[in-house]
Amino acid sequence: MCGIVGIISTRPVAPLIVDALKRLEYRGYDSAGVATLDGGKLGRRRAEGKLGNLEQRLSDEPLAGTIGIGHTRWATHGAPVEVNAHPHFSEEVAVVHNGIIENFRELRRELEAKGFTFSSQTDTEVIAHLVASHIKDGLAPQEAALAAIKLLRGAFALAVLFGGHDDLIVAARQGPPLAIGHGEDEMYLGSDAVALAPFTNKITYLEDGDFTVLTKTSYQILDLDGNKLERRQQISGGSAMLADKGNHRHFMLKEIYEQPEVIGHTLGHYLSFNNLQVNLPESGGLDFAKIDRINMTACGTAYYAGLTSKYWFEGLARLPVDIDIASEFRYREAPLSKDGLSLFISQSGETADTLAGLKYCEEQGQHLAAVVNVRESTIARASHSVFPTLAGPEIGVASTKAFTCQLSTLASLAVAAGVQRGHIDREREKQLVRDLSEAPRYANEVLHLEDTIAKLAHRLANKQHVLYLGRDTNFPLAMEGALKLKELSYIHAEGYAAGELKHGPIALVDENMPIVVIAPHDRIFEKTVSNMQEVAARGGQIILITDPKGAEAVGMDEAEIIVMPEMPEIITPIIYALPIQMLAYHTAVHMGTDVDQPRNLAKSVTVE
Ligand code: F6R
């Protein structure tokens, strides 16, 4: 949700800033811009659309200067057009910003009354004018920025550049992440350490309420009253390599194909395949036997992973789970059990709503645990117990491998909880570990279904609506399938618990409605098939994802069947996720949408 960069150097910075922005494009790709100081004078280039357009603009009209700031945008206030692209200027001040300024309307009115003219619809422009107004009132740049920041309400990570000051960037964090990178006679600022990886791995993460003053050779971190703060410098593990698609047409497809490997890595982190045991490294002293309830919070795909694991924790460990969408949880003042565990699931570890939920649980004195893919993220750093998913960087905006790695981690945690709470004996533990260890092999086998699925995807392309149905752990997967289809192909899709169909949604079913049914031949297979037959009776076009026993039992002529291998029940939501992902992927490819960067989306949602 917007990425920001700042660099002070002795060499030209515009190309360096663009390089860093490439690593932040996952945060937004509506427009991008760079501002530098050349001989003390501010200059900028901005371009609508993807970063490639800005690169082209810079190659047509290069920007000199050894100090600069840059931005890649996900629009909040104002359309994604060039005038709204950052950096925003006011006289001798340039600002880039990630977040939302909630009181921007009143600030804008006050500034307009003072004679400032606005050239964009953004909330960010008020920051530039506010700083400029304090400079006009006689404050030095650093003081002017601090005074302006104190007036802002909302969430921000921002950086400010001042005309005439070619060795000074000031920045602040209140919500969205921001990191300082330390180089040799160079200083950097970035929304994450990965953006700075080509330049340095020496990183200092700013915390909420931090204000920083950077020069080429020095940095200071202060609170908003100007008191000095100490923040630890650390070595980041972020890779300087820019991920590439390999031989795949899209990152998403590459990431789908990486799943056998990354599921294996993730499970290997939690399971010992030699003695068939679960281990919980980095559990931070967590003992599931002492927990009476888990309170889970997440958004989107991560929420569906959590919802799946509710079935596992409750079934295997008899441990009750309350799960909320983070944007709802953060404001509903949920009473939490004093012996409860608060668990947050997030690929990026930066999702604003999930982070707000974590802060609420922290205030309530809960033990905080996180299932995260980015180890250095804010959510990971704020948690007592960190359970990493070893998916590697996920570039495709639609989550695939992060989801199946979240499921792999959560299944392992649920088995560990069952063992610690005495509901899983040694023999059952061995069997469950054996079952989970089969997941990479099945994932690999299922990838061979891609051609069949690609053909079926043509049946979904250009439809108006699609329903997904499942029961038990395949109910969250039905919702995940619908989410994948809508975000990639822009087809309206809904996931339902199959048994809920006749309580309303069946009214939608007619011969134009494809229905994807996820139903391995398990203990509730018959129930799901009955729901499917109700759909078939009303002319709905069925795509059934099942195994050979399920296919034989159904024998319906009117259903297209994706035949999965027979597999242990605990891994079905992990493995059945793959055909669901491939179906959405191929539908989108068929329709010609932007698979890796679907419209209106961003990979890291750092505003609420
Ligand atoms: C969908 C998707 C999103 C994310 C959600 C949470 O494909 O990727 O729904 O799952 O925005 O993001 P994280 O996991 O980073 O907290």
Side-chain angles (χ1 to χ4, degrees), residues 1-3 24 26-28 74 175-177 191-192 194 250-253 255-256 259 296-309 323-330 343-358 369-383 386-389 391-407 409-410 468 476-477 479-490 493 495 577-578 580-585 587-588 593-608:
M1 221 113 285
C2 300
L24 290 177
Y26 70 89
R27 291 172 159 265
W74 184 87
S191 291
D192 66 26
V194 175
H250 295 104
F251 278 109
M252 182 180 176
L253 192 61
E255 287 160 5
I256 288 174
Q259 289 179 104
M296 274 186 205
T297 311
C299 300
T301 291
Y303 168 76
Y304 297 136
L307 196 55
T308 311
S309 77
I323 172 155
D324 276 89
I325 293 166
S327 54
E328 288 300 311
F329 177 76
R330 65 180 292 181
L343 181 69
F344 305 89
I345 308 160
S346 176
Q347 187 283 126
S348 62
E350 301 293 352
T351 301
D353 286 321
T354 310
L355 190 55
L358 181 143
V371 172
V372 283
N373 198 37
V374 181
R375 291 286 288 266
E376 293 165 16
S377 60
T378 309
I379 289 176
R381 285 184 282 122
S383 297
V386 179
F387 301 109
T389 51
E394 192 178 62
I395 309 294
V397 165
S399 192
T400 52
K401 61 176 181 167
F403 176 64
T404 48
C405 288
Q406 284 162 351
L407 290 177
T409 303
L410 290 162
Y468 285 71
L477 191 56
M479 292 195 279
E480 168 62 5
L483 176 63
K484 284 288 92 92
L485 188 73
K486 55 189 151 192
E487 65 185 330
L488 292 172
S489 68
Y490 320 144
L578 273 65
I580 285 294
Q581 295 163 354
M582 290 192 275
L583 198 57
Y585 171 80
T587 306
T593 55
D594 189 343
V595 170
D596 283 333
Q597 294 183 326
R599 70 182 184 201
N600 305 341
L601 297 178
K603 183 84 186 146
S604 184
V605 185
T606 55
V607 294
E608 61 174 300

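Just so you know, ligand 1 is whichever comes first in the structure, and atom 1 is the first atom listed for that ligand.
Listed by atom number, the atoms of ligand 1 under 4.0 Å from Lys484 heavy atoms are 1 (C), 7 (O). Those atoms of ligand 1 that come under 4.0 Å of a heavy atom in Ala302, given as number and element, are 10 (O), 14 (O). Those atoms of ligand 1 with a heavy atom of Ser346 less than 4.0 angstrom away are 13 (P), 14 (O), 15 (O), 16 (O). Each of the atoms 1 (C), 7 (O) of ligand 1 lies under 4.0 Å from some heavy atom of Glu487.
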Check your understanding: Which is it for Ser399 and Glu255 under the side chain to side chain contact (heavy atoms under 4.5 Å, CB included) test, yes or no, and what are the steps along the way?
Key -> CA-CA 9 Å; Ser399 192; Glu255 287 160 5; over 6 Å; no

Practice item. May I have the step-by-step check of side-chain hydrogen bond (donor to acceptor under 3.5 Å, both in side chains) for Gln259 and Thr400, ending in yes or no? Key: CA-CA 8 Å; Gln259 289 179 104; Thr400 52; 5.1 Å; no

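Although no hydrogens or angles enter the test, the distance criterion places no donor-acceptor pair under 3.5 Å between the side chain of Asp324 and the main chain of Thr297. At distances below 3.5 Å, at least one donor-acceptor pair connects side-chain atoms of Arg381 with backbone N or O atoms of Glu376. The backbone N or O of Ala326 sits nowhere less than 3.5 Å from a side-chain atom of Thr354 that would complete a donor-acceptor pair. In this structure a side-chain-to-backbone donor-acceptor pair under 3.5 Å is missing from Lys484 to Gln581. Between the side chain of Gln347 and the backbone N or O of Asn373 there is no donor-acceptor pair closer than 3.5 Å.
Only side-chain heavy atoms of Thr351 come within less than 4.0 Å of ligand 1; its backbone N, CA, C and O stay farther off. Residue contacts with ligand 1, taken as heavy atom pairs separated by less than 4.0 Å, do not involve Glu350 at all. With a 4.0 Å heavy-atom cut-off, ligand 1 is reached by the backbone of Val397 but not by any atom from C-beta on.
For Tyr26, the side chain to side chain donor-acceptor pair (under 3.5 Å) criterion is met by Asp192, not counting sequence neighbours. In this view, Ala305 and Phe403, Gln406, Leu407, Leu410 satisfy the side-chain contact (heavy atoms from CB on, under 4.5 Å) rule, not counting sequence neighbours.
At the top of the distance list for atom 15 (O) of ligand 1, counting protein heavy atoms only, stands Ser348 OG, 2.7 Å. The nearest heavy-atom contact from the protein to atom 5 (C) of ligand 1 is Cys299 O, 3.6 Å. The closest protein non-hydrogen atom to atom 8 (O) of ligand 1 is Ser399 CB, 3.3 Å. With respect to atom 14 (O) of ligand 1, the closest heavy atom belonging to the protein is Gln347 N, 2.6 Å. At the top of the distance list for atom 11 (O) of ligand 1, counting protein heavy atoms only, stands Val605 CG2, 4.0 Å. Atom 2 (C) of ligand 1 has its closest protein heavy atom at Thr301 OG1, 3.6 Å.
For ligand 1, the polar-atom distance check against Gln406 finds no nitrogen or oxygen pair separated by under 3.5 Å. Between Thr354 and ligand 1, not a single N/O pair is under 3.5 Å apart.
For the residue pair Ser377 and Glu350, no side-chain donor N or O sits within less than 3.5 Å of a side-chain acceptor on the partner.
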